[in-house]
Protein chains: 2
Amino acid sequence: MALSHAILVCLTERPMSGYDLAKFFDTSIAFFWKATHPQIYRELKKLGGQGYVTSAEEVQSGKPNRFVYSITDAGKQALKDWSREPVALPLIKDDLLVRLQAIEYVDKDALREQIRARLAAHREQLGQYHHIRDVRFSDGKPAPEDLGKLMGLELGIQYEQGWIAWCEGVLQRLEGT
Amino acid sequence: MALSHAILVCLTERPMSGYDLAKFFDTSIAFFWKATHPQIYRELKKLGGQGYVTSAEEVQSGKPNRFVYSITDAGKQALKDWSREPVALPLIKDDLLVRLQAIEYVDKDALREQIRARLAAHREQLGQYHHIRDVRFSDGKPAPEDLGKLMGLELGIQYEQGWIAWCEGVLQRLEGT
DNA sequence: TTACACATGTAATTGGTTACATGATTGC
DNA sequence: GCAATCATGTAACCAATTACATGTGTAA
């Protein structure tokens, strides 16, 4: 399983609570990995049991207390061990493309609407990536420890641009059919 | 859930056995959806119970008998109903990109090797898509019922080309780091 | 004789989603 | 008063993967 490792990777950036992690998965690294909060809380407990993270209760006045998790040296070692294992090709499961395969059997108006919605979502996502790039990586050469993040971001940008171009082309060809 | 609908979509092409479907998922539509054979057999049973597919035992000499499934009219109606529901953005879970996020904490030699392997996989996949395109869609305008398949294929080609370009760039930038 | 393709399934485990549950503060 | 955000968790259910299980025919 790799959710545990994705969490460890997040914690190399900075210590976080379960809540922080859930938001981080929702925004920053949503392009690479997704996870819901029950999953994250469950996994944090397991990681604690393995000694890969430690938690510290942070007392807050007015708000409920937070349990902030940090990666341990053993956790960093676990990351390095994991990084030597081969990676699988990502699984893709895309309803929209499945529907396109059976174009005779689907509601074409609904399909067009779904493609327009998808196009809007990719444009929105591209905008966010551009924003992150401008804010975090505007100044020439990135630091070596940020190089991987920049390259991931570039893949995301290219991916969204590809989808946008494809959606536009498909909408044109579906017009009046 | 959408595996059931992916199976129905496959069966609009032609009747198939569970074994055929497993291969079909592995080759033809692997870009859109993936499924293993226990999943498929389980799902076929459920679809039969709902009346969306019918099965016929095909006696073969020498080989074990096959159960060939066909989509019913009710199944076609279920596909149409499903096609009106909104689609979700596909989930992405890519170990390689997660590792790239924590580039300081991973084994760089292993990472380079993994990217080379990924590059090779994308080149291989691109070759297969080109082959399918040349065999199935070489002659000018596709039939209307094939248009969706062609557009899906074009997305796949673009997707693989994007990955290939990205992998090549990343390998160059990681050289000697 | 070894391996591979055909062909179908079950069992056990792990992973993921949805719904439920609680409770304070802030802003409209 | 209502909704949203912060904050953490459990329970139940559903989906997916991996391993187990069996047996035949064909070709190297």
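A salt bridge does not link B:R118 with B:D95: every distance from a Lys NZ or Arg NE/NH1/NH2 to an Asp or Glu carboxylate oxygen is 4.0 Å or more. With respect to the salt-bridge test (charged N to carboxylate O, under 4.0 angstrom), the residues B:K108 and B:E113 do not qualify. A salt bridge links B:D146 with B:R136: the distance from a Lys NZ or Arg NE/NH1/NH2 to an Asp or Glu carboxylate oxygen falls below 4.0 Å.
Phosphate proximity of D:dT8 to A:S17: present, with a side-chain N or O under 4.0 Å from OP1 or OP2. Within the 4.0 Å cut-off from OP1 or OP2 of C:dC6, at least one side-chain nitrogen or oxygen of B:Y19 is found. At least one side-chain nitrogen or oxygen of B:K45 sits closer than 4.0 Å to the OP1 or OP2 atom of C:dT10. Distances shorter than 4.0 Å separate some side-chain N or O of A:Y41 from OP1 or OP2 on D:dT8.
What separates CZ of B:F25 from P of D:dT17 is a distance of 11 Å, to the nearest Å. One interatomic measurement links the two molecules: CZ of B:R66 to P of C:dC6, which rounds to 10 Å at whole-angstrom precision. Summarising the geometry, the separation between CG on A:D26 and C1' on C:dG16 is reported as 15 Å, rounded to the nearest angstrom. We find that CD1 of B:I40 is positioned 13 Å from C1' of C:dG9, with the value rounded to whole Å. In this structure, B:Q39 places its CD atom 15 Å from P of C:dG15, rounding to the nearest Å. As a whole-Å value, the separation of A:L21 CG from D:dT8 P is 10 Å. In this structure, CD of B:E43 is placed 8 Å from P of D:dA16, rounded to the nearest angstrom. Here the C1' atom of nucleotide C:dT14 and the CG atom of A:L3 are 12 Å apart, to the nearest Å.
Nearest nucleotide to the B:K93 side chain, out of C:dT17, C:dG16, C:dA11: C:dG16. Ranking D:dT18, C:dT8, C:dT17 by closeness to the B:T36 side chain, first place goes to D:dT18.
Judged by closest nucleotide on DNA chain C, B:H37 is the one of B:H37 and A:P38 placed further toward the 5' end.
If you check every strand for non-hydrogen atoms under 4.0 Å, A:K34 touches nothing. In this structure, B:K23 reaches the sugar-phosphate backbone alone: every heavy-atom distance under 4.0 Å involves primed, P, OP1 or OP2 atoms, never a base.
Donor-acceptor pairing under 3.5 Å, judged by distance alone, is absent between the side chain of A:R42 and the base of D:dA11.
Partners of A:K76 according to the side chain to side chain donor-acceptor pair (under 3.5 Å) rule, which considers only residues two or more places apart in sequence or in another chain, do not exist here.
In this structure, A:R123 forms no cation-pi arrangement with A:W163, as its terminal cationic atom is not both closer than 6.0 Å to the ring centre and no more than 45° off the ring axis.
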